[in-house]
Structures are given as structure tokens and as C-alpha cells.
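Input: a single structure, listed below in C-alpha cells.
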Amino acid sequence: MSFSPAIVVPLPGVEGYRLVELELAQRERPDVSDGAYVQWGAFQLVTTGAPARLLVIFDSKPGPLGWALPEMEKETYQLGVLGTRVIWLSLAQPVSGAVKFRFKSAIPVRIGQVLLATNDGSALPWPPPRPGPETWRREQARFSATGPAEADGRWAARLTLAFDGKSLPGEFLVVCSCPRDGLEVVESSDSPRAASCLIEPGPDATSLIITVCPTSRVNYDHIVLQLTGVEAFRLEKVERLFRL
């Protein structure tokens, strides 16, 4: 097989790596199983001797991801997150031919590229360094907030995030005046029925990252969240994130 030049997402930290694109086949659309999206396919790998080092780039942000190579023992490969839509993959044993994959994701995605690193004998680290918060692009988000108000010994606030539904998934950085571990964050009962979101820790102890997920019918332009804490708090800032 022949390698084609790789078109790589502009991911900081991989500039010095020589990457070539592998042939890829996969289902046109993922299946839905137990609330998750399941996709499978295979990529063609030709390698000799040295273990293979790969970058897998998704066409969108998959959210929490479950990855498997069904024909390989789990002990023969390692993987980790390099960006919101990129994982690194190391195969401990030489492989030649089709490598089958299967993954579950919170958001329906497909693989855009599988890239093989060919820096044999290079001093470059593997996996490559993960980009830090200093590489994130941020924009002021459209939002409104009410509260917090005290009720039954707890403090509650409502946060409405506004967006263009056609541009999902969207990520929002919410900064509060208190540690995030002291807050409970859930979707409000009056949020649009089609809305869905994922909540994860932010880059520091007082921030959250909220990913608004697309659905099969993206027909809403906002989402409403309820934040509850045992102590009074303020919503300091809300920004839309653009992470690689």
C-alpha cells in the first residue's frame, strides 16, 4: 500500500512528527446502543519491526469514549487522549494488514483520519505532549443567569447558555466563585427537551466545562442548567471554548 500526505488538525506539539495517512474504512453512521453511539471499521497498517505509533482524529468531539481493537489483546495496545477530538494509540507488537476497531461515544462521530508516526529512532516523546489551556481559543458566550437564591439551606442559580444549534457540539467554560466540587450541576427541568450536555472539570478548581451535544434533531438554541451549592456563590464568567 502507498501512504498519502497527512492533513493534520493544527494540534500544538505534533509539529515535529512525520505523519502519514492510513487507508480507512468504517460504517457511514454509528449505531445506537444503551444510550451510546457505536461505530466500527478498520484501517490498513503496514509496519515492520518497531511498534506502531498512531494518532486517531475524529471528525467531531466524541465526548467520553470507549475504544477497543477486537482482534487484539488489551495488553498489546495503549491509548490516551491528546485533544478533544484526537487520541494516541500505541501497538506493542508489529502488525501488518487490517486493524479492526470499535468504539462507543457520547456524541455521534466518525473517524476522520488515522495517522502513522514514522519518526523511527527519533528523540521526540511518545505520546506527544497534550496541549494545555493556554492553547484554547475563547470567546465571550451568550448567557443569562438568575440567583443564586437561598432555599432550604442551599443556594441555587439558573444558567441559560444560548448558541446556534447548527454549530454543535459546543463547549462552554463556566467559572464560579467557589470550588466546583462544592456544586451540583444538572440540566433544569424546563430546559428544551431535545437538549443534552456533558459536564467535566475545568482547568482550575473553580471552573467547569459544559459540552452541549447535538441530537438527531437539533432544533433548540439554548440549554438551561441548575447549579446548587451549600454556600453562597457567584457565576464569575462564561466563555465559549474552541479546543483542538
Side-chain angles (χ1 to χ4, degrees), residues 7-14 37 57-65 81-87 105-113 129-148 156-229 233-244:
I7 302 173
V8 189
V9 294
L11 192 68
V14 302
Y37 296 91
I57 303 175
F58 300 93
D59 63 4
S60 185
K61 300 171 185 179
L65 183 70
V81 175
L82 191 58
T84 59
R85 47 178 290 215
V86 183
I87 64 172
S105 59
I107 299 172
V109 299
R110 302 175 79 237
I111 294 178
Q113 287 183 303
R130 185 173 181 178
E134 68 278 1
T135 67
W136 301 351
R137 183 166 64 88
R138 311 181 187 200
E139 293 181 358
Q140 184 175 351
R142 295 169 51 210
F143 75 97
S144 62
T146 58
R158 284 169 50 89
L159 173 63
T160 301
L161 300 174
F163 47 83
D164 177 359
K166 296 182 178 63
S167 64
L168 297 182
E171 292 189 316
F172 298 85
L173 179 67
V174 179
V175 180
C176 302
S177 63
C178 67
R180 63 171 175 265
D181 292 343
L183 290 177
E184 178 185 0
V185 184
V186 297
E187 291 183 48
S188 177
S189 59
D190 61 347
S191 193
R193 290 173 56 191
S196 178
C197 73
L198 304 171
I199 301 168
E200 62 180 296
D204 52 57
T206 61
S207 62
L208 301 162
I209 295 175
I210 298 170
T211 302
V212 180
C213 309
T215 65
S216 58
R217 288 197 316 156
V218 178
N219 58 359
Y220 57 100
D221 60 3
H222 72 282
I223 190 169
V224 184
L225 303 172
Q226 185 87 12
L227 293 81
T228 307
F233 63 92
R234 299 184 309 277
L235 294 173
E236 303 280 7
K237 182 171 56 176
V238 181
E239 295 176 316
R240 184 150 188 177
L241 286 185
F242 298 88
R243 297 187 292 172
L244 297 171

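As the structure is a prediction and not an experimental result, all values here were calculated from the model.
Screening Ile199, Leu198, Leu241 against Thr211 for a side-chain contact (heavy atoms from CB on, under 4.5 Å) leaves a single residue, Leu198.
Here the closest non-hydrogen pair linking Pro62 and Ser105 is O-CB, 3.7 Å. Between Glu236 and Cys176, the shortest heavy-atom contact is CG-C, 3.6 Å. Between Ala156 and Gln226 the shortest heavy-atom distance is CB-NE2, 3.5 Å. The two atoms that bring Leu82 and Pro131 nearest to each other are O-CD, 3.1 Å, heavy atoms only. Scanning all heavy atoms of the two residues, the minimum distance from Pro148 to Phe233 falls at CG-O, 2.8 Å. Of all the heavy atoms in Tyr37 and Ile107, the pair that sits closest is CD1-C, 3.8 Å.
Without hydrogens or angle criteria, Arg180 side chain to Ser207 main chain gives a donor-acceptor distance under 3.5 Å. Of the possible donor and acceptor atoms, one in the side chain of Thr135 sits under 3.5 Å from a partner among the backbone N and O of Gly132. For Arg240 (side chain) and Ala141 (main-chain N/O), no donor-acceptor pair under 3.5 Å exists by modelled atom type. In this structure, Asp59 contributes its side chain and Arg110 its backbone to a donor-acceptor pair below 3.5 Å. At distances below 3.5 Å, not a single donor-acceptor pair connects side-chain atoms of Glu171 with backbone N or O atoms of Ile209.
From Arg243, atom CZ reaches atom CZ of Arg85 across 13.0 Å, with rounding to the nearest 0.5 Å. Ile223 CD1 to Phe172 CZ: the interatomic distance, rounded to the nearest 0.5 Å, is 9.0 Å. The structure places NE2 of His222 at 6.0 Å from OG1 of Thr160, a figure rounded to the nearest 0.5 Å. Thr84 OG1 to Phe58 CZ: the interatomic distance, rounded to the nearest 0.5 Å, is 11.0 Å. For the atom pair CG of Leu235 and OG1 of Thr146, the computed distance is 9.0 Å after rounding to the nearest 0.5 Å. The CG atom of Asp221 lies 11.5 Å from the CG atom of Leu161; values are rounded to the nearest 0.5 Å.
Within a 6.0 Å radius of CZ in Arg138, more than 12 heavy atoms belonging to other residues, nucleotides or ligands are found. Around atom CD of Gln140, no more than 12 heavy atoms belonging to other residues, nucleotides or ligands sit under 6.0 Å away.
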*Hey, mind stepping through Tyr220 and Phe163 against side chain to side chain contact (heavy atoms under 4.5 Å, CB included) and telling me if it holds?*
CA-CA 9 Å; Tyr220 57 100; Phe163 47 83; 3.6 Å; yes
*What's the verdict on side chain to side chain contact (heavy atoms under 4.5 Å, CB included) for Glu187 and Leu225, showing C-alpha distance, side-chain angles and the deciding distance?*
CA-CA 4 Å; Glu187 291 183 48; Leu225 303 172; 4.0 Å; yes
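Contact check for Trp136 versus Pro203: side-chain heavy atoms found under the 4.5 Å cut-off.
In this structure, Lys61 does not pair ionically with Glu200, as no charged nitrogen and carboxylate oxygen lie closer than 4.0 Å.
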